[in-house]
Amino acid sequence: LTQDELKTLVGQAALRYVVPGEIVGVGTGSTVNKFIDALATIKDQIKGAVSSSEASTARLQALGIPVFDSNEVEQLAVYIDGADEIDGQGHMVKGGGAALTREKIVAAQSRLFVCIADESKLVEQLGRFPLPVEVIPMAAQRIARQFAAMGGSATLRLKDGAPLVTDNGQHILDVTGLRIADPLAFEAQVNNWPGVVTVGVFAFQKAGVCLLGTRDGVKTLEY
Ligand code: DER
């Protein structure tokens, strides 16, 4: 099975967590795109979606799925999203798709985070994937120095040669060289640095379930 086929498998498997008649929380990325395509096949059974990025909004709307703003709904039953890394407790590194801020917001208003991922995302300890951190541009260099002080190396994410600008108008640092032994403590610490909008560690908003695409089929991991 190719990685793309594994993504399709888990994207389809996530349909079983969608509650009929409700609004579903939708993340961002290539695996989520497979889920959105699967969701479109049952779009008459749901009320719509809350989206975590302009990219996902565009795909949902193109498939005829109504998109609601986060402020229009109290609680969502389920949030379906991918991850760049997920550990044995359901903590994740996210932000490869530059949508980490809105992803964490929609995850926070959802009762169950269902992570859909191919087996390459499962790690013992978070930190091998460059950690995305959304920052207010004027704070970028000071935050980079703070990561350097803990052994990290932060680079500004570029797009077409200029700093990438997120849906929220901010910049992203990608940080290598970190060993995140305690995801909750790390997320709490970095959240406090002035100028940090969102750190791509999802420990407070960790997954409750991970649908892992493996060559032996879809494994359901619960945390
Ligand atoms: O940006 C994100 O957080 C995405 O969910 C990312 O982590 C996973 O994207 P992928 O499914 O394309 O690997």
Side-chain angles (χ1 to χ4, degrees), residues 1-15 17 24-39 49-60 76 78-87 90-110 112-123 126-135 157-159 164-168 170-176 178 180 183 187 190 196-214 218-219 221:
L1 283 169
T2 65
Q3 189 180 39
D4 192 63
E5 286 164 334
L6 293 179
K7 291 181 179 183
T8 302
L9 267 182
V10 294
Q12 289 169 345
L15 288 183
Y17 287 89
V24 59
V26 175
T28 296
S30 61
T31 311
V32 163
N33 286 344
K34 303 291 191 186
F35 168 68
I36 293 173
D37 295 349
L39 189 66
V50 169
S51 171
S52 62
S53 65
E54 297 306 322
S56 290
T57 296
R59 196 178 189 101
L60 287 159
L76 300 170
V78 70
Y79 177 65
I80 312 286
D81 199 356
D84 295 304
E85 289 180 331
I86 183 165
D87 71 9
H91 306 125
M92 297 165 282
V93 164
K94 289 175 54 54
L100 62 163
T101 294
R102 297 189 184 184
E103 289 174 333
K104 199 175 274 190
I105 291 168
V106 185
Q109 71 178 126
S110 305
L112 176 67
F113 189 139
V114 176
C115 178
I116 51 176
D118 65 85
E119 58 193 348
S120 71
K121 307 297 182 66
L122 187 61
V123 297
L126 302 181
R128 199 182 55 219
F129 184 88
L131 175 68
V133 185
E134 185 161 347
V135 300
R157 190 180 299 184
L158 303 178
K159 184 174 181 184
L164 176 144
V165 178
T166 68
D167 288 346
N168 314 302
Q170 311 306 340
H171 288 171
I172 289 192
L173 292 174
D174 291 299
V175 191
T176 56
L178 296 171
I180 304 171
E187 182 178 2
V190 176
V196 169
V197 177
T198 303
V199 57
V201 170
F202 281 54
F204 291 94
Q205 280 77 32
K206 74 183 186 85
V209 169
C210 178
L211 300 179
L212 195 74
T214 77
V218 176
K219 280 186 186 159
L221 309 174

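Nothing fancy with the numbering, it's 1 onward along the sequence. FYI, side chains are in, hydrogens and waters are out, and symmetry mates aren't considered; it's all heavy atoms of this structure. When a ligand or atom number is given, it counts from 1 through the structure's own listing order. In this text, all values refer to a predicted model and were calculated from it rather than measured experimentally.
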What protein heavy atom sits nearest atom 9 (O) of ligand 1, and how far off is it? Gly29 CA, 4.0 Å
Taking the non-hydrogen atoms of Gly27, is any one of them nearer than 4.0 angstrom to ligand 1? no
Report yes or no: does Met92 have a heavy atom closer than 4.0 Å to ligand 1? no
Under a 4.0 angstrom heavy-atom cut-off, which atoms of ligand 1 come close to Ser30? 10 (P), 11 (O), 12 (O)
Could you state the interatomic distance from OG1 (Thr214) to CG (Leu122), rounded to the nearest 0.5 Å? 10.5 Å
Consider side chain to side chain contact (heavy atoms under 4.5 Å, CB included). Of Leu211, Val24, Val10, which one does Val114 pass it with? Leu211
Report yes if the side chains of Cys115 and Phe202 come closer than 4.5 Å at any heavy-atom pair, otherwise no. no
If we ignore hydrogens and angles and just use 3.5 Å, is the side chain of Ser110 paired with the main-chain N or O of Phe113 as donor and acceptor? no
Taking distance alone, with N or O pairs closer than 3.5 Å, would you say Gly97 contacts ligand 1? yes
Asp84 near ligand 1 by a heavy-atom separation under 4.0 Å: yes
Mind checking what makes side chain to side chain contact (heavy atoms under 4.5 Å, CB included) contact with Asn168, not counting sequence neighbours? Thr101, Arg102, Glu134, Thr166, Gln170
Of Val26, Asp81, Val32, the one forming a side chain to side chain contact (heavy atoms under 4.5 Å, CB included) with Glu103 is Asp81
Any N or O of Gly95 that comes nearer than 3.5 Å to an N or O of ligand 1? yes
In this structure, NZ of Lys159 is separated from CD1 of Ile172 (nearest 0.5 Å) by 11.0 Å
among protein heavy atoms, the one nearest atom 5 (O) of ligand 1 is Thr28 O, 2.8 Å
Any idea which protein heavy atom is nearest atom 11 (O) of ligand 1, and the distance to it? Thr31 OG1, 2.7 Å
Numbered atoms and elements of ligand 1 in range of Lys94, under 4.0 angstrom, heavy atoms: 2 (C), 3 (O), 4 (C), 5 (O)
For residues Ala83 and Lys94, report the shortest heavy-atom separation together with the two atoms involved. CA-CG, 3.9 Å
If you have a sec, work out which protein heavy atom is nearest atom 13 (O) of ligand 1 and how many Å separate them, to one decimal? Lys121 NZ, 2.6 Å
Should Asp81 be counted as touching ligand 1, given the test is an N or O pair under 3.5 Å? yes
I'd like to know if Glu187 pairs up with Lys104 as an ion pair, taking the criterion as any Lys NZ or Arg NE/NH1/NH2 lying under 4.0 Å from an Asp or Glu carboxylate oxygen. yes
What about Gly96: any of its N or O atoms under 3.5 Å from an N or O on ligand 1? yes
In ligand 1, the atoms that come under 4.0 Å of a heavy atom of Gly82 are 5 (O)
